[in-house]
Amino acid sequence: MGTDASHGVTHPSDQDASGRTLGEEELATLAEVIASGTLTSTKGTLVAELERSFAALHGVRHAIACASGSAAIHAAIAAIDPEPGTEVVTTSVTDMGALAPILYQGAIPVFADVDPRTGNVTGATVERRCTERTVAIIATHLFGNPCEMDSILEVGARLGVPVIEDAAQSFLAECGGRLAGTIGKIGCFSLQQGKHVTTGEGGIVVTDDDALARHVRVFVNKAWPYGEPHPDHEFLALNYRMNELTGAVGVAQLAKLRGVVEVRRASAQALTARLEAVEGIRVPWVAAGSRHSWWKYPLLVDETIEGGAVAVGAALAARGISSAPRYIQKPAFRCRIFQERRTFGSSQWPFTLAQGDALDWAESRYPGTFGFLGQVLVLPWNERYTEAHIDLIASAVTDVVREARKGAA
Ligand SMILES: Cc1ncc(COP(=O)(O)O)c(C=O)c1O
């Protein structure tokens, strides 16, 4: 919990019970698993139940649970089965867990720029980075705000490559009435501690494609097709299974997801109403026909504010309001793994297979990325925020921004 120094009010945190919706229901399903004595999902029933419920909620044929959001992305890439050196076009603003799996499968992550309003890739930005070597496009719905999927799907269809949705941050977000994760060929979710619903660590892959679903399921099981006749270890793969204890928490959490998202939407709307007229900042832009599901509440701080998002974040911290200026701080391609090509021993593989301008990360190619990261101020968000919490945030942001503008005038 963060204590608000000036008002003695605490903001609930998604890192502990104060900002999580965990309780009796999770304890009951956990007790069921413990009593059964079966903790592996290869023999138990709770992970299977989570998969059935998740698929039903999303209206898809298949949901496959796994150990993390990173494992979900890895399984999705493995199911595409890229030839080494082929390219996966993805976003420059994301978690490393969404990028490392591409390299592990021998493919080259090719970074598309983002829309400076949202931090999301667009049809235009991915198209610019597609080549004849592109084998997949990843659309990451940042902070719960859906990408404009139609234009991205159109690029994928034109090139004949699948679109993978990274919905780790966007449970129940909607684009044109379709749920995030169900719009492309494969959708990936994370159940990590701070997500809309959580099992501490965990992931889920969804798809309507039977062959891809089989590949994902076999991949997370060391390539062993449980339940099929004449099983064998079919290809290179890992144990990325979710266990029954995790599945038990997941079943109880999933039943709460709709309520969690509703509350987050209502409180985000209340903050937007309070901040939309404040000069010097911009509230989140959401595309027509889309519904945000508010993993976080990202503000954009104008250049007119001296010190920008970093200065506003520091002034908010002094008032006991936490925020993350610049989100991941720098574009993913500026991290050491990419800059120094630190992969397997000293081989630099698979970067050594890259062709053309796949590894050209010149700043001039990424105006949206640098613009967005320079301006974004991410406010933590969760379903336990009350009117009082929103009120404190709104007042603090308004005061801090007005003071900064006065100082600059
Ligand atoms: C967009 C995105 N993709 C993938 C991941 C990786 O998920 P995990 O941390 O569960 O491995 C995250 C984690 O925060 C994420 O935000």
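Just follow the structure's listing: the first ligand is 1, and inside any ligand the first atom is 1. Computed from heavy atoms alone, side chains included, the values below leave out hydrogens, waters and symmetry copies.
- Looking at atom 7 (O) of ligand 1, its nearest protein heavy atom turns out to be G69 CA, 3.3 Å.
- Between R214 and E234 there is a salt bridge, since a side-chain N of the basic residue sits under 4.0 Å from a carboxylate O of the acidic one.
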Criterion side chain to side chain donor-acceptor pair (under 3.5 Å) on Y297 and T272, from CA distance to verdict: CA-CA 9 Å; Y297 190 104; T272 296; 2.7 Å; yes

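- The OG atom of S267 sits 8.5 Å away from the CG atom of N382 when rounded to the nearest 0.5 Å.
- For atom 14 (O) of ligand 1, the closest non-hydrogen atom on the protein side is K195 NZ, 2.7 Å.
- Judged by the shortest distance from any of its heavy atoms, T94 lies inside the 4.0 Å radius around the atoms of ligand 1.
- At a threshold of 4.0 Å, the pair R178-E165 does not count as salt-bridged, since none of the basic side-chain nitrogens sits closer than that to a carboxylate oxygen.
- Shown in contact with A98 at under 4.0 Å from a heavy atom are these atoms of ligand 1, numbered in order with element: 3 (N), 4 (C).
- Near S190, with a cut-off below 4.0 Å to any heavy atom, the atoms of ligand 1 are 7 (O), 8 (P), 10 (O).
- Of all the heavy atoms of T140, the ones lying under 4.0 Å from any atom of ligand 1 belong exclusively to the side chain.
- Regarding atom 1 (C) of ligand 1, its nearest protein heavy-atom neighbour is D166 OD2, 3.3 Å.
- Protein heavy atom in closest approach to atom 16 (O) of ligand 1: Q169 NE2, 2.8 Å.
- At a 4.0 Å cut-off, not a single heavy atom of H141 sits close enough to ligand 1 to count as contact.
- When only non-hydrogen protein atoms are considered, atom 9 (O) of ligand 1 lies nearest to Q192 CG, 3.8 Å.
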Apply side chain to side chain donor-acceptor pair (under 3.5 Å) to T91 and T140, showing your working. CA-CA 7 Å; T91 173; T140 304; 5.5 Å; no

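- For atom 5 (C) of ligand 1, the closest heavy atom belonging to the protein is D95 OD2, 3.7 Å.
- Environment of CD in E24: sparse, with no more than 12 heavy atoms of neighbouring residues, nucleotides or ligands closer than 6.0 Å.
- Checked by distance only, ligand 1 and S70 come closer than 3.5 Å through their nitrogen or oxygen atoms.
- E383 pairs in a salt bridge (Lys or Arg N to Asp or Glu O under 4.0 Å) with only one of the listed residues (R264, K195, R258, K256), which is R264.
- F344 has its ring centre less than 6.0 Å from the ring centre of Y104.
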